[in-house]
Number of protein chains: 2
Amino acid sequence: MHNIRVTADTQTWSIADLAAEYDVTLRTIRFYEDRGLLTPERRGTVRVYHPRDRVRLGLILRGKRLGFSLDEIATIVNMYDAEPGEEGQLVYLLHQIATRRAELEQRRRDIEETLHELAEVERRCQADLDNLRQKTH
Amino acid sequence: MHNIRVTADTQTWSIADLAAEYDVTLRTIRFYEDRGLLTPERRGTVRVYHPRDRVRLGLILRGKRLGFSLDEIATIVNMYDAEPGEEGQLVYLLHQIATRRAELEQRRRDIEETLHELAEVERRCQADLDNLRQKTH
DNA sequence: CTTTACGTTTACGTAAGCGTCAACCACGAG
DNA sequence: CTCGTGGTTGACGCTTACGTAAACGTAAAG
């Protein structure tokens with residue numbers, strides 16, 4: 001990274017901004033906060049989202065696409081900004097990482113298999129279709 | 001094991017057999033049947049599972065690992081043994097396949113990203129740990 | 001005959017992940 | 001002053017994917 005200093009990253013978003021950007025409802029965003037996944041600033045009663053919150057929302061939604069539960073996602077995203085901490089903590093974190101990695105690699109294998117099989121079904125299907133059109137024309 | 005015959009095509013399984021093999025509960029298997037995902041033979045009231053059902057159960061569970069809902073899984077596994085059918089059907093099926101493929105490829109990208117980021121976190125974490133152990137020895 | 005193992009249906013319970021009101025500010029424009 | 005826009009907190013509802021009894025059938029073993 002060559003940009004030692006960037007413009008002070010002071011941008012903020014409203015709840016509606018993030019909802020529109022990520023195509024989720026306000027209810028969803030507030031629900032994630034309720035579950036401790038987001039912690040926006042409050043100006044009065046109003047939520048103000050900082051870059052950190054925005055990134056986390058992205059991570060949460062990616063986790064959802066991967067089929068993780070919100071609880072699992074919580075442990076994952078909290079790993080990202082864990083402070084150095086003590087030895088026990090670090091060892092625990094490394095163990096968590098290994099576990100998640102194993103899960104993800106299993107999922108990747110599942111995806112590869114499924115893609116191959118879908119390709120096979122598609123081939124059959126396309127053959128049937130060609131065959132059908134051959135006859136009628 | 002209640003396997004009646006072990007010749008390749010004729011083998012059957014009890015509900016408990018499949019539950020043990022795939023590590024799910026009987027309730028789960030019956031629930032999948034209720035949702036139309038499995039259609040075991042009945043001998044009297046008792047369910048008897050054929051190779052086809054066993055394969056489908058495997059597909060269902062793989063679909064779950066990928067984060068698909070049972071409804072989505074239903075459309076996917078039903079694609080596998082669709083009969084040739086008429087043109088409209090085939091076109092529809094091809095469209096479904098394209099959709100699923102796009103989803104899966106998105107998931108694969110998500111996984112790659114997450115794996116890379118986990119590797120990064122792990123690196124940081126390992127560095128902190130090494131640092132800590134350096135100091136105490 | 002009773003126990004044990006394995007199966008069945010029916011039905012209520014539950015946790016997750018939101019959807020959907022209702023009722024209430026706050027504020028700038030017309 | 002009123003209206004529209006955008007925000008807030010409850011609180012109840014709903015679907016999915018099962019868990020968890022309860023109550024019963026059947027067939028072999030002791």
Side-chain angles (χ1 to χ4, degrees), chain A residues 11-50 53-54 56-78 103 107 110, chain B residues 1-4 11-50 53-54 56-78 103 107 110:
Chain A
Q11 186 172 4
T12 62
W13 292 265
S14 75
I15 188 168
D17 290 339
L18 289 190
E21 177 174 355
Y22 287 102
D23 194 28
V24 294
T25 68
L26 310 189
R27 178 70 177 86
T28 299
I29 294 180
R30 294 195 191 105
F31 181 72
Y32 292 160
E33 179 178 348
D34 206 56
R35 302 299 302 272
L37 289 167
L38 296 174
T39 51
E41 183 199 341
R42 292 293 183 125
R43 282 185 197 155
T45 76
V46 175
R47 292 168 174 84
V48 175
Y49 295 87
H50 291 263
D53 303 303
R54 188 165 159 275
R56 286 178 73 99
L57 181 53
L59 292 175
I60 293 165
L61 297 176
R62 196 177 66 190
K64 287 221 63 187
R65 287 199 299 275
L66 293 177
F68 287 108
S69 75
L70 287 187
D71 277 9
E72 293 172 305
I73 292 172
T75 77
I76 294 176
V77 299
N78 286 330
E103 288 177 23
R107 275 176 168 76
D110 288 336
Chain B
M1 296 277 194
H2 291 163
N3 298 338
I4 311 222
Q11 186 170 6
T12 63
W13 293 265
S14 74
I15 189 169
D17 290 339
L18 289 190
E21 178 174 355
Y22 286 103
D23 194 30
V24 294
T25 67
L26 310 189
R27 178 70 176 88
T28 299
I29 294 180
R30 294 196 193 104
F31 181 72
Y32 292 160
E33 178 179 348
D34 206 55
R35 301 298 301 272
L37 289 167
L38 295 174
T39 51
E41 184 198 341
R42 293 292 183 125
R43 283 184 196 155
T45 75
V46 175
R47 291 169 175 85
V48 175
Y49 295 87
H50 291 263
D53 302 304
R54 188 165 158 275
R56 286 178 74 99
L57 182 52
L59 292 175
I60 294 166
L61 296 176
R62 196 177 66 189
K64 287 220 62 185
R65 287 198 299 273
L66 293 177
F68 287 108
S69 76
L70 286 189
D71 276 8
E72 292 172 306
I73 292 173
T75 77
I76 295 176
V77 300
N78 287 329
E103 288 177 24
R107 275 175 169 75
D110 288 336

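So you know, we letter chains A, B, ... as the sequences are listed, proteins then strands, and number each from 1.
- Rounded to an integer number of Å, the gap from CG of B/Asp34 to P of C/dT8 is 13 Å.
- Taking atom CD1 on B/Ile60 and atom C1' on D/dC18, their separation rounds to 14 Å, with Å as the unit.
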>> Working note: A/Arg107 + B/Arg107, criterion side chain to side chain contact (heavy atoms under 4.5 Å, CB included); need CA distance, chi angles, decisive distance, verdict.
In response: CA-CA 9 Å; A/Arg107 275 176 168 76; B/Arg107 275 175 169 75; over 6 Å; no

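- Between B/Thr45 and the phosphate of C/dT9, there is no side-chain N or O to OP1/OP2 separation shorter than 4.0 Å.
- Contact between the side-chain N/O atoms of A/Ser14 and the OP1/OP2 oxygens of D/dG7 is found at a separation under 4.0 Å.
- Base engagement by A/Arg30 is indicated by at least one non-hydrogen atom pair under 4.0 Å involving a base atom.
- Distance CZ (A/Phe68) to P (C/dG17): 13 Å, rounded to an integer number of Å.
- Distances shown here put a side-chain N or O of B/Thr25 below 4.0 Å from the OP1 or OP2 atom of D/dG19.
- At whole-Å resolution of the value, CG in A/Leu37 and P in C/dA16 are 12 Å apart.
- Contact annotation: B/Thr28 does not reach the phosphate of D/dA17 (side-chain N/O to OP1 or OP2, under 4.0 Å).
- A donor and an acceptor atom, one from each side chain of A/Thr75 and A/Asn78, are nowhere located under 3.5 Å apart.
- Side-chain N/O atoms of A/Lys64 include none lying less than 4.0 angstrom from OP1 or OP2 on C/dG17.
- Residue-level contact check: A/Arg42 touches the backbone only, with heavy atoms under 4.0 Å from sugar-phosphate atoms and none from bases.
- Checking the phosphate oxygens (OP1, OP2) of C/dC18, a side-chain nitrogen or oxygen of A/Tyr32 falls inside 4.0 Å.
- Applying the side-chain hydrogen bond (donor to acceptor under 3.5 Å, both in side chains) test between A/Asp110 and each of B/Arg62, B/Lys64, B/Arg65 identifies B/Arg65 as the sole match.
- Within the 4.5 Å cutoff, side-chain heavy atoms of B/Arg47 are placed close to those of B/Arg42.
- Atom P of nucleotide D/dG7 and atom CD of A/Glu41 are separated by 15 Å, given to the nearest angstrom.
- Residue A/Leu26 is out of contact with every strand shown, counting any heavy-atom pair closer than 4.0 Å.
- Side chain of A/Arg27, nearest nucleotide from C/dG17, C/dA11, C/dG19: C/dG19.
- If you measure from atom OH of A/Tyr49 to atom P of D/dG6, you get 16 Å, rounded to the nearest angstrom.
- Of all nucleotides listed (D/dA11, D/dG7, D/dT16), D/dG7 comes nearest to the side chain of A/Val46.
- Among the atoms of the strands shown, only primed sugar atoms or phosphate atoms (P, OP1, OP2) are found under 4.0 Å from some heavy atom of A/Arg47.
- Geometrically, A/Arg56 does not engage A/Tyr49 in a cation-pi contact defined by less than 6.0 Å to the ring centre and at most 45° from the axis.
- Considering only side-chain N and O atoms, A/Arg35 lies under 4.0 angstrom from the phosphate OP1 or OP2 of C/dG17.
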